[in-house]
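Working notes for the structure below.
Computation of the quantities below employed the complete heavy-atom set of this structure, encompassing side-chain atoms and omitting hydrogens, waters and symmetry-equivalent molecules.
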Amino acid sequence: MTARTSSPHLLGTAIAGLLGLALPFVGHAATPDGSRIGRSSVAKAPEFQELYDFDRAALTLPDATFPYEARVHRAHVVMLVEQKILTAEEGRQILRGLDQVDALAANAPELRTYLPYEAELVKRIGHVAGKMHTGRSRNDLANTVNRMFYRDQLNRTIEALIELRAAVVEKARGNQETIMVVYTHRKEAQPITLGHYLLGISESLGKSIERYEQLYARLNQSPLGAAAAAGTRWPLDRSRTAQLLGFDGLVVNTVEGTAGWDHISEFAADNAIYLSSLGRLASEIQLWTTDEYRSAELDDAFAGTSSIMPQKKNPDSLERTRQIAANAVGQLTSILTSLNAIEYQHSVARVALEPRSLDALIAGTHAMTGVVRTLKPNQQQMLVYARQNFSTMTDLADLLVRQGGIDFREAHEIVATVVVGALKDGLTADQITADRIQRAAVERLGHRLNLDARHVAQALDPHASVRARDGVGGPGPTAMAAMLEQAGQSLAAERSAHSARRQRLETAAQALELAERRLKGG
């Protein structure tokens, strides 16, 4: 599983390990899982287990952001020395003291907020510790730390979405000829393929990834140096601390540096938008896997069971994901409501995006990745629905326009008459004949149409329907090949951009580590 942070090195291995910031989800316990009974007696998939484990493992925001704060202290001290605001000896003393207090804070949660932390630093190295706060406020410190934490969560989110999209595209690649019916208003509409449907999901995921990438560019700007809101008279080098902390630029205005919160709102909004789409996919798959639809089978490792009904195979992974999607709307509402009630200034009344909600998003994404990867389409049943349940009637109407020389509205009404008659007589779509169509035409128009029975049969064939819809974005083979190619290129670009972001952060972490070593050893 992906760790909570982009790299243990970025946070300091000792701190991250002791605080549990790279907690893997433990998966199955050593003892048998008592919930795996009945039809779901196989072990839970790790991605499914994560839906149970993430809540217990969630950190508070102070605990989650503390290692980032420790890095900010170091970068600020390095910059103060470089700007000759502190002497090299003062910088060395502070950095060595920080090592001691960080080690203590790993087991002392009360030290993970700034003033108690600073008091402990004073106790360890004397009043030189107070110089660390030169030109700085808790306001710009907190906003900087939050941005560092949230950018790592953005990277973590993007990585999870890329893997989900890859699973969706791979499933689509293997189901280019799996005929199914697409629904509108929960009523059968027209034949497509499962591959075509899944590439629609892929395109939606691509938009979510793009939104997160755009947010990353806005979020990864350093407010450090804004101080309380008015900046400082000390000659700080804000660009230097931004560089050492891996930021791509500055939040230039010092008021915006401490008052700005739209990046938090945007993160929550992007989460709600993405998870609403994920919830819709989960809902659709849940319908497909019902005993009535029987269009697909959920893998046992992603299903639950009933404590009383031995025949049950419950779609727990899907329902828990849908619950996570619903909760994301509440998180967004809380954040926006808190901002609507305060002025444009620094305020602790602002609601933050809690680590738990981000862990929930990741857990739901991992679970749906596994669900898609292991889903077993019932190709025979899907084809039966497409053949028998009147999904090809638009093709039949189009045929009447082409061969019968009538307008589409007339053709629409003739076919509607045919469908009503077939339903009344207990016939399925593949039992419609040219004679039935002619009788409906005479009833509607007063004359027969020029129809070829062979073409009628072809119009009623869902395979032929899919092949004929080969325009851009359709389910036909040429259109599908183009969309699969485009999806592959998009995934490659997303992976490359993600890797580049990670590398820039790693390079900045190494630069800070080198600057610290030089100062300590000087």
Side-chain angles (χ1 to χ4, degrees), residues 1-8 16-17 19-59 64 152-153 155-171 174 198 201 205 209 271 274-275 278-279 281-282 285-286 289 296-306 312-325 327-328 355-377 491 495 498 502:
M1 292 296 162
T2 305
R4 293 173 186 275
T5 56
S6 61
S7 165
L19 288 182
L21 288 173
L23 286 174
F25 289 99
V26 294
H28 312 299
T31 55
D33 185 347
S35 71
R36 307 308 286 168
I37 58 175
R39 289 184 62 192
S40 297
S41 58
V42 302
K44 283 193 189 94
E47 302 95 331
F48 183 20
Q49 183 65 39
E50 189 175 347
L51 287 170
Y52 293 84
D53 290 344
F54 81 86
D55 204 9
R56 185 175 66 248
L59 298 175
D152 271 357
Q153 301 312 300
N155 274 333
R156 183 179 173 224
T157 299
I158 291 169
E159 181 178 24
L161 264 70
I162 289 172
E163 293 313 308
L164 172 58
R165 190 180 187 191
V168 167
V169 170
E170 187 59 30
K171 200 73 172 182
L198 289 172
I201 300 298
L205 288 169
I209 291 169
N271 290 348
Y274 158 61
L275 284 169
L278 193 70
L281 174 61
I285 292 176
Q286 187 168 348
T289 58
E297 183 74 14
L298 192 65
D299 190 276
D300 289 355
F302 288 92
T305 190
S306 166
K312 292 295 292 297
K313 181 179 173 182
N314 293 333
D316 286 2
S317 57
L318 302 175
E319 291 187 339
R320 286 177 180 272
T321 299
R322 293 170 67 186
Q323 181 189 63
I324 288 168
N327 283 334
R356 180 190 176 280
S357 70
L358 298 168
D359 291 346
L361 179 149
I362 298 298
T365 303
H366 287 164
M368 288 303 296
T369 302
V371 165
V372 169
R373 188 180 292 124
T374 60
L375 190 68
K376 305 176 185 70
L491 277 166
R495 286 193 168 112
H498 179 65
R502 296 276 196 176

task = Under the side-chain hydrogen bond (donor to acceptor under 3.5 Å, both in side chains) rule, collect the residues that match up with Gln323, sequence neighbours excluded.
result = none

Atom pair CD (Glu319) and CG (Leu51), whose distance is rounded to the nearest 0.5 Å = 12.0 Å

task = State plainly whether the residues Asp359 and Arg156 are in salt-bridge range, i.e. N to O under 4.0 Å.
result = yes

ask   = Can you list the residues that meet the side-chain hydrogen bond (donor to acceptor under 3.5 Å, both in side chains) rule with Glu170, with sequence neighbours excluded?
value = none

query = Any side-chain heavy-atom pair from Leu491 and Ile162 closer than 4.5 angstrom?
reply = yes

ask   = What is the distance from atom CG of Leu298 to atom OG1 of Thr374, rounded to the nearest 0.5 Å?
value = 6.5 Å

request  = Please report the closest heavy-atom contact between Leu318 and Met368, naming both atoms and the distance.
outcome  = CD2-SD, 3.7 Å

key: Lys376 side, atom NZ; Asp299 side, atom CG - distance, nearest 0.5 Å   = 3.5 Å

task = State, with a plain yes or no, whether a side-chain heavy atom of Ile362 is found less than 4.5 Å away from one of Glu50.
result = yes

key: Distance in Å, Phe54 CZ paired with His366 NE2, rounded so as to fall on 0.5 Å steps   = 12.5 Å

Set of residues satisfying side chain to side chain contact (heavy atoms under 4.5 Å, CB included) with respect to Ala325, sequence neighbours excluded = Leu275

task = Please list, chain by chain and in numerical order, all residues satisfying side-chain hydrogen bond (donor to acceptor under 3.5 Å, both in side chains) with Thr305, sequence neighbours excluded.
result = none

query = Among all residues two or more places apart in sequence or in another chain, which pass the side chain to side chain contact (heavy atoms under 4.5 Å, CB included) test with Arg36?
reply = Asp33, Ser40, Val42, Lys44, Phe48

request  = Check salt bridge (Lys or Arg N to Asp or Glu O under 4.0 Å) between Arg356 and all other residues, then give those that pass, not counting sequence neighbours.
outcome  = Asp55

query = About how many Å separate OG of Ser357 and CD1 of Ile324, when rounded to the nearest 0.5 Å?
reply = 10.5 Å

ask   = Excluding sequence neighbours, so at least two apart, what forms side chain to side chain contact (heavy atoms under 4.5 Å, CB included) with Thr369?
value = Leu164, Ala167, Thr365, Arg373

key: Distance-minimising heavy-atom pair for Thr321 and Ala367   = OG1-CB, 4.1 Å

Which residues share a side chain to side chain contact (heavy atoms under 4.5 Å, CB included) with Glu163, sequence neighbours left out = Arg495

Counterpart residues, side-chain hydrogen bond (donor to acceptor under 3.5 Å, both in side chains), relative to Lys313 (two or more places apart) = Glu297, Asp300

task = Could you tell me the separation between the CD atom of Gln286 and the CZ atom of Arg322, rounded to the nearest 0.5 Å?
result = 5.0 Å

inquiry  = Taking Asp316's backbone N and O only, do any of them form a donor-acceptor pair with Asn314's side chain (distance below 3.5 Å, no angle check)?
reply    = no

request  = Evaluate the criterion side-chain contact (heavy atoms from CB on, under 4.5 Å) for residue pair Ile209 and Tyr274; output intermediate values, then yes/no.
outcome  = CA-CA 9 Å; Ile209 291 169; Tyr274 158 61; over 6 Å; no

request  = For residues His498 and Asn155, report the shortest heavy-atom separation together with the two atoms involved.
outcome  = CE1-O, 3.0 Å

